[in-house]
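Being a predicted model, the structure only gives us computed values, none of them experimental. All ligand and atom numbering here is 1-based and tracks the order in the structure.
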Amino acid sequence: MKILVINGPNINMLGTREPNVYGKQNYDALVKYIYDVGQELKITADCFQSNHEGEIVDAIQDALGKYQGIVINPAAYTHTSIAILDALKAVDLPAVEVHLSDVSRREPFRQISYAGMACIKTYMGLGFEGYRQAICFLASHINEKANPVKDS
Ligand code: DQA
């Protein structure tokens, strides 16, 4: 199984950026963490990060036929990007939304998530652990779709 983990703008600044909100570990540590989760689950979890909305749209489109699902932290584009929402709907791959911080307890402008409207589940406020839970949930969901439990 192959899944793509997409991170949006300023996630490359982890560790430096508002460490009280996003933690002290840097983006390389997040990539290693995600890789290790993939190893544990015996799946491939590739990472992609961009500060550019169009590149994120391209990455979602390119995932079709290569990946069975997407974990996405669209970062600030969460709250603005209909293009990312439309791309997720266009490829129709199962997608799970992640936020390092608990956006539900932050500013009013963070209360809308466009991308989340195309996601089957959202994890927030758990730091790196949210990515682990999102990948586990997505992998189980993909397995369940491939091998549905039959009613007896
Ligand atoms: C974020 C939350 C967003 O509101 C913010 O713009 C980010 C990161 C998070 O992971 O907590 O850049 O998605």
Side-chain angles (χ1 to χ4, degrees), residues 1-41 43-64 66-142:
M1 184 191 303
K2 283 185 78 175
I3 65 158
L4 180 62
V5 181
I6 298 175
N7 279 291
N10 301 305
I11 300 295
N12 57 317
M13 293 288 288
L14 284 184
T16 304
R17 171 193 190 199
E18 300 179 85
N20 53 322
V21 178
Y22 299 114
K24 292 192 181 120
Q25 298 196 80
N26 66 17
Y27 179 67
D28 286 348
L30 177 62
V31 170
K32 182 174 182 320
Y33 180 88
I34 290 166
Y35 176 79
D36 289 347
V37 171
Q39 292 266 93
E40 263 171 51
L41 296 178
I43 64 167
T44 301
D46 289 339
C47 287
F48 174 82
Q49 189 276 330
S50 176
N51 294 326
H52 306 278
E53 185 176 15
E55 286 183 6
I56 295 170
V57 169
D58 288 344
I60 293 167
Q61 291 183 6
D62 289 347
L64 195 57
K66 295 190 192 124
Y67 294 94
Q68 285 135 287
I70 292 173
V71 168
I72 186 162
N73 179 353
Y77 290 137
T78 306
H79 320 299
T80 61
S81 180
I82 296 167
I84 291 173
L85 166 64
D86 284 349
L88 289 169
K89 286 165 98 171
V91 297
D92 199 26
L93 288 167
V96 177
E97 179 186 19
V98 177
H99 298 286
L100 292 152
S101 65
D102 184 353
V103 284
S104 72
R105 291 168 177 266
R106 297 183 64 193
E107 303 93 326
F109 62 83
R110 296 187 204 273
Q111 300 313 312
I112 180 121
S113 170
Y114 289 104
M117 294 174 192
C119 291
I120 53 177
K121 200 168 168 75
T122 297
Y123 293 90
M124 59 174 77
L126 300 172
F128 284 14
E129 167 69 14
Y131 289 84
R132 195 183 66 75
Q133 293 192 19
I135 293 166
C136 288
F137 180 86
L138 184 60
S140 308
H141 175 85
I142 293 165

Exercise for review: Indicate the ring-plane relationship of His79 and His99, choosing parallel, tilted or perpendicular according to the 30° and 60° boundaries.
Suggested key: parallel
Review point. Between Tyr77 and Asn51, is there a donor-acceptor pair closer than 3.5 Å when you use the side chain of the first and the backbone of the second?
Key: yes
Point to revise | Tyr33, Tyr27, Tyr22 screened by ring pair (Phe, Tyr, Trp, His ring centres under 6.0 Å) with Phe128, the one that passes | key: Tyr33
Point to revise | Asp28 and Lys32 ion-paired at < 4.0 Å | key: no
Point to revise | side chain to side chain donor-acceptor pair (under 3.5 Å) between Asp86 and Tyr114, intermediate numbers included | key: CA-CA 9 Å; Asp86 284 349; Tyr114 289 104; over 6 Å; no
Practice item. Select all protein residues for which some heavy-atom-to-ligand 1 distance is less than 4.0 Å, and list them by chain and number. Key: Arg17, Tyr22, Asn73, Ala75, Ala76, His79, His99, Leu100, Ser101, Val103, Arg110
Point to revise | Donor-acceptor pair between Tyr67 and Asp62 side chains, under 3.5 angstrom | key: no
